[in-house]
Amino acid sequence: MIMDEDDSNRIKENVYRIKSSLPGEVLLVAAAKKKAPEEVKAAIGAGIKIIGHNYVQEAERMRQAVDEPVQWHMIGHLQRNKVKTAVRLFDMIETIDSVRLAEEVNDRCGSAGKTMPVLIEINSGKESNKTGVLPDDVEKLILQINNLSNLKILGLMTMGPRFGNPENARPYFKVTRSIFDHLKRAKIPNVEMRYLSMGMSNSYRIAIEEGANIVRLGTVLFGERNK
Ligand SMILES: *Cc1c(COP(=O)(O)O)cnc(C)c1O
């Protein structure tokens, strides 16, 4: 896409407005899928410190074009054959949802001499077409991967519905929050429940009310997604 100064200013204004409306402890991840490097650079120019990406190959191209001191979070479904590249590109993987994926990330981090902060993705709506581990299976998954020494389990992530009345997302966030609190109390070794990543453009205010301290925003920062 062709960006002009107006586009860049519009993105910057969005970032300033949203950032100033968020509680201080809430981290803002700019969800940059299908965005051009210029759009992401405009957001960084306005103070974005974390870029979220869904696709490993696109993120790789983006990182080459956007050489800025920001953090990169993987927020999309991660295929095991992309883990090697993902481990090189990302500072956090928010979408761990199986033992096999966790083990692959752990192995690749071992070879790369890296420890990867990760979140466990919860399928809070129990939707069959969504990725993420079912609420009832989260603790079992964590107990199977908490001994992987190159992972640092730091919290939970969930999607919830993207469209419709934002209030409809609240039950998904409540479920995820209650699992988060339960795991915190459980004091599982090598597991720290520090981050709760919930809420997108449509629903982030509700997510924050329900305890999110990471929100992942695309549309409200960048405008509608390019086709
Ligand atoms: C695209 C995406 C977002 C941002 O969605 P918007 O509705 O554009 O804010 C957040 N999280 C994930 C996992 C996404 O894929």
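Counting starts at 1 for both ligands and their atoms, in listed order. Given the structure is predicted, the values throughout are model-derived calculations rather than measurements. Each residue takes its place number in the sequence, starting with 1.
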*Do H182 and E139 get their side chains close enough for a donor-acceptor pair, meaning under 3.5 Å?*
yes
*Polar-atom distance check: S201 versus ligand 1, any N or O pair below 3.5 Å?*
yes
*Compute the minimum heavy-atom distance from I75 to ligand 1 and say whether it is under 4.0 Å.*
yes
*asked:* Whether K174 and E210 form a salt bridge (side-chain N of Lys/Arg under 4.0 Å from carboxylate O of Asp/Glu) is what I want to check.
replied: yes
*Going by the atom numbers of ligand 1, which of them fall below 4.0 Å from some non-hydrogen atom of N54?*
14 (C), 15 (O)
*Using a 4.0 Å heavy-atom threshold (strictly under), name the region of L217 that reaches ligand 1: side chain, backbone, both or neither.*
backbone
*In terms of atom number and element, which parts of ligand 1 are under 4.0 angstrom from non-hydrogen atoms of K33?*
1 (C), 2 (C), 3 (C), 14 (C), 15 (O)
*Please could you name the atoms of ligand 1 that T219 approaches to less than 4.0 Å, counting only its heavy atoms?*
6 (P), 7 (O), 8 (O), 9 (O)
*Answer with side chain, backbone, both or neither: which part of A31 has a heavy atom less than 4.0 angstrom from an atom of ligand 1?*
side chain
_Contact check: M200 vs ligand 1, nitrogen or oxygen atoms, below 3.5 angstrom_ = no
*Is R10 paired with D7 through a side-chain N to carboxylate O contact shorter than 4.0 Å?*
yes
*Tell me, yes or no, whether the heavy-atom count around K152 atom NZ, taken from other residues, nucleotides or ligands under 6.0 Å, exceeds 12.*
yes
*Would you say N106's side chain and N150's backbone share a donor-acceptor pair under 3.5 angstrom?*
yes
*M159 heavy atoms, cut-off 4.0 Å: which ligand 1 atoms fall inside?*
12 (C), 13 (C)
*Is it true that R170 and E209 have a side-chain N and a carboxylate O under 4.0 angstrom from each other?*
yes
*asked:* Taking atom NZ as the centre, does K114 end up with more than 12 heavy-atom neighbours from other residues, nucleotides or ligands that are less than 6.0 angstrom away?
replied: yes
